[in-house]
Amino acid sequence: MDAERKVKNNSNIGVWQRPNGGLSMIRALSIAAAVFVTLLWSSSYILNQYAFAEGVGPFTLAGMRYSAAALTLWVVLRLRDRKHAQGNGVHEDHSVHTEVSQGKWKLTWKNYLFLGITGFILAQGLQYAGQFYLTPMQSNMFLSVGNMLFLLVIDALWLRELKGRATFLAVLAAMAGIVIYYYPWHFAQSSLIGISLILLSCVGNAVHLTYSRYLLTRKQTAPSALVLTPMLIGAAGMLLTGFILEGIPPYSLKLILILLWLGPINGALAFTLWAWSQKQLRAYESSLINNLMLLEVALMDILFLGRSITYLQAGSLCIAGTAIVAVQLAPLLKKHKQ
């Protein structure tokens, strides 16, 4: 009886905890993997600047990167399916696949097209176009604050999960951080173009995330269906846009190496590691780790591109980062109070 009670108590312990309440190995690895992914994603801002210097346009670069990432993901998924089929037998694998497909809502080409346009052509293509006119530090700050702002706007119009004065004050603090960063407010025309493109990409990202959540929760769509096909559609659209607006880029060994890193490593590998870490970490923990990019991009911008930053700008980054963290922690704090 005591042994049975002990087993039952241990079964209630999360995978992230040891029985004595300490940090488990799998949780430590998950945190390390998530932090490593943020470093990879932060390095993309720097690598994009090197790629722009090679003469490639933003839409062409984004299209080539996500084409390489989609190809890598397709190869990985094919190898995984083949291994699964060999391990379980063809008949068993077919029955499992049939069961899963019957339990999931099948996406139409219109769904794939909408996901590809919003999540990649708008969210990624316009983001790369904005990075072309801004520094990595500026791009990341506007992207972080813009994503938070537009997600809150959509939440207020539809889901209405985040309410209260604290969230509103945090948004104002994040906007104040941007205002302080640009003091004394001498905007060049290129900066205004870059800021506008980044904010438009945030709209596309917010719509994409909201629609993806709708498909996952309301339609019970398989998560894997939301990635590969929309990515291929988005990559093709960005390449076509790039070739029309920017022309065929001058290829070089440096550009090819950058693309091989951005696609398979910063794309496919980073996505796989991040998805694995989400199984072990709570949602707010992942969000907090993701906010490390605000600091990481700033440091990489200084170290690799020789950018200088004033104490006032450093303080504004801290204000914006703290405000974003406050918005993400608001639901958790509200839940604890209840």
Side-chain angles (χ1 to χ4, degrees), residues 31-32 34-49 127 130-131 133-153 155 162 164-188 191-192 194-199 201-202 205-206 209 270 274 277 281-334 336:
I31 294 174
V35 172
F36 177 65
V37 169
T38 63
L39 288 171
L40 291 178
W41 286 341
S42 296
S43 70
S44 295
Y45 288 83
I46 309 302
L47 292 173
N48 288 346
Q49 296 299 317
Q127 179 194 149
Q131 289 183 37
Y133 294 99
L134 301 174
T135 68
M137 201 181 311
Q138 294 168 342
S139 300
N140 185 245
M141 184 169 68
F142 271 100
L143 193 66
S144 300
V145 176
N147 283 335
M148 175 195 69
L149 179 62
F150 287 112
L151 281 173
L152 288 175
V153 169
D155 179 86
L162 294 175
R165 185 180 302 175
T167 301
F168 178 72
L169 293 176
V171 172
L172 290 181
M175 301 302 293
I178 290 182
V179 172
I180 295 172
Y181 181 90
Y182 275 97
Y183 180 82
W185 310 305
H186 296 313
F187 287 98
S191 295
L192 292 176
I195 292 170
S196 300
L197 291 170
I198 289 288
L199 293 179
S201 78
C202 293
N205 181 67
L209 289 178
W274 185 261
S277 70
L281 301 177
R282 299 176 180 91
Y284 78 91
E285 292 173 329
S286 298
S287 298
L288 294 179
I289 292 174
N290 194 43
N291 284 322
L292 290 174
M293 289 181 61
L294 202 61
L295 176 62
E296 292 167 355
V297 171
L299 291 176
M300 290 182 184
D301 199 4
I302 295 171
L303 292 175
F304 295 104
L305 298 179
R307 206 83 61 183
S308 60
I309 184 173
T310 65
Y311 289 110
L312 186 63
Q313 289 175 328
S316 68
L317 287 173
C318 293
I319 292 173
T322 303
I324 295 171
V325 169
V327 170
Q328 293 169 340
L329 286 178
L332 180 68
L333 296 176
K334 183 178 179 180
H336 280 315

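One-based numbering along the sequence shown.
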Give me the atom names and distance for the closest heavy-atom approach of [X] to [Y].
X      : Y      : result
Ala34  : Ser277 : CB-OG, 4.0 Å
Leu199 : Phe150 : O-CE1, 3.6 Å
Val145 : Ala174 : CG1-CB, 4.0 Å
Ala320 : Leu294 : C-CD2, 4.4 Å
Ser139 : Gly130 : OG-O, 4.3 Å

Check whether any side-chain heavy atom of [X] lies under 4.5 Å from a side-chain heavy atom of [Y], and answer yes or no.
X      : Y      : answer
Thr135 : Tyr45  : no
Met300 : Leu39  : yes
Ser191 : Leu134 : yes
Gln127 : Ile198 : yes
Pro136 : Leu305 : yes

Between [X] and [Y] (side chain of the first, backbone of the second, donor and acceptor by atom type, cut-off under 3.5 Å), is there such a pair?
X      : Y      : result
Gln49  : Gln131 : yes
Asn140 : Val297 : no
Asn205 : Ser201 : no

Atom [atom1] of [X] and atom [atom2] of [Y]: how far apart are they, to the nearest 0.5 Å?
X      : Y      : atom1 : atom2 : result
Leu299 : Met293 : CG    : CE    : 13.0 Å
Ile319 : Met141 : CD1   : CE    : 10.5 Å
Ile309 : Asp301 : CD1   : CG    : 8.5 Å
Ser144 : Ile178 : OG    : CD1   : 9.0 Å
Tyr133 : Ser196 : OH    : OG    : 11.0 Å
Tyr181 : Thr310 : OH    : OG1   : 8.0 Å

* Might you work through the side-chain contact (heavy atoms from CB on, under 4.5 Å) test for Leu281 and Ile31, ending with a clear yes or no? => CA-CA 8 Å; Leu281 301 177; Ile31 294 174; 3.7 Å; yes

